[in-house]
Amino acid sequence: VTTSLRTDPAGGLLLNGTENAAHQSGGDLLVLERGSGSHVFDTSGRKYLDGLSGLYCVQIGYSYGSELAAAATTQLESLCYAPLWSRAHPAAIELAERLSDIAPAHLNHVFFTAGGAESVESAWKLARQYHVERGDLGRLKAIARRNAYHGLTLGALALTDRASLTEMFGAPAIPVHRVSDTSGFGLGLDESELCDRLIGEIEAAIEAEGPDTVAAFIAEPVQNHGGCLMPPAGYWQRLRALCDRYGVLLIADEVITAFGRLGEWFGSDVLGIEADIVTLAKGLTSGYAPMGAVLVADKVADVLTRPGVVLNHGFTFGGHPVTAAIALKNLEIIERDGLLDRAKEIVPVFASAMRELQQIPLVGEVRGTGLFMAVELAYPDGSTLDDRHRKELVGDYISPALQEAGLLARVFSDPYPGVQLAPPMVTEPADIATMVAMVREVLVEASSRLG
Ligand SMILES: Cc1ncc(COP(=O)(O)O)c(C=O)c1O
């Protein structure tokens, strides 16, 4: 047996969404090995404030490992695995009940998956089967927003809008009509004008495609990609009415916005959304195990559970007993330790610190809600950064400078350049202040580099 000697710091690991060549020879790969509260530590012991909750998932922070390990151990000692194909197990049943309890009242059925993209694809397939069972066979199209990210498996990829991620993979698995995202920055419209325009565009899209060909509209309560794009007031309520008028199902992709991210159990609670289907993942287990779920409204479930209807979908690991046990414990911890209340306490601290960033010349707009906020970067006259500044200022300076300062944040230059924070619910107010101060310092320096 020979052991290959590797010189690349990532070993043979292929990193996701990354130029892997950049890490083959240099030593700049951040390798995280430990976490505590809202902090993570790299292999050299360096400490970082986690301003991104891992990847929008570690809602309860990093200090509950022993408790979640005990829940996993108990489950493993009794039953390591059981499928949800024509059978069930107590952890999945209990978790489905628990999710129905905390979800908006009309969502009482749950389909389990192993992650966000699987949840999105499952939502699509359940929506499609709902229409087929009702004899509405022609509803094969989806409406989704521009610049939206819904995952990268082929079905979810069809709903995702980013040329670099989609183009090389050929025709999308789902025919999708794109409508505008909800960014109003630079448009010069007030909220109600923006709302009229967006809803009008969606209605025109349904009419143009043919109302009886559209199966579902999918969007996030607050869109992540583009930097916490808020809907104008009334948007989701008018969407609900529009979908009802045309028989289109409304899917809320809450893979990011659920489990306290916006300050309540669900983004739907915060924004008064009445979706027919809700996709979940990430915070369901706080990232302590991979799991996703799809919440299904009674209206849809009533059709899918009719006598004679076989649900044509499933995964070996959907609702795995160990991940279900971890999710149950995660939800128990959020409730027992009052973490939603804790989030509500730090939200005003976070919001006011973030809003103060508006004074920095390079900051065009501050937006978002709950523990999910971003700044869009722009020139002082409000115009958008050119390609050179997106690369040299945003990519080459702001991004490494924040990490160098000890903060893990999301820095992006496409479609709108910006910096985003999504801290864990357990972050201390002082650490919230420190995070935003780090962003401020780097953006002030970036502004001065602008000249
Ligand atoms: C809104 C949204 N939907 C779906 C996904 C896909 O989730 P996953 O990466 O678990 O497949 C993501 C991932 O970030 C997401 O942000």
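Because the structure is a prediction, the values reported are computed rather than measured. Counting starts at 1 for both ligands and their atoms, following the listed order.
At a 4.0 Å heavy-atom cut-off, ligand 1 does not touch A281 at all. At a heavy-atom cutoff of 4.0 Å, ligand 1 is contacted by both the backbone and the side chain of Y149.
Annotation for ligand 1: atoms under 4.0 Å from non-hydrogen atoms of I256 are 16 (O). Of all the atoms in ligand 1, the ones that sit under 4.0 Å from a non-hydrogen atom of E220 are 1 (C). Atoms of ligand 1 found under 4.0 Å from any heavy atom of K282 (numbered from 1 in listed order, with element): 13 (C), 14 (O).
At least one N/O-N/O distance between G116 and ligand 1 falls below 3.5 Å. For a threshold of 3.5 Å applied to N or O pairs, the pair formed by D253 and ligand 1 contains at least one separation below that value. Ligand 1 has no nitrogen or oxygen under 3.5 angstrom from a nitrogen or oxygen of G115.
For the 3.5 Å distance criterion, the side chains of S53 and R261 qualify, holding a donor opposite an acceptor. Y288 and N330 are not linked by any side-chain donor-acceptor pair at a separation below 3.5 angstrom, with hydrogens and angles left out of the test. If you check the side chains of E191 and Y235, you find no donor sitting under 3.5 Å from an acceptor. Judged by distance alone, the side chains of D276 and Y130 never bring a donor and an acceptor atom under 3.5 Å apart.
The aromatic rings of F111 and H313 lie parallel to each other, their planes meeting at an angle below 30°, with 60° marking the opposite boundary. Using bins of under 30°, 30° to 60° and over 60° for the plane-to-plane angle, the ring pair F41/H39 lands in the tilted bin. Classified by interplanar angle (parallel below 30°, tilted 30° to 60°, perpendicular above 60°), the ring pair Y149/H225 is tilted.
The closest protein non-hydrogen atom to atom 11 (O) of ligand 1 is A117 N, 2.7 Å.
For atom 9 (O) of ligand 1, the nearest protein heavy atom is 4.0 Å or more away.
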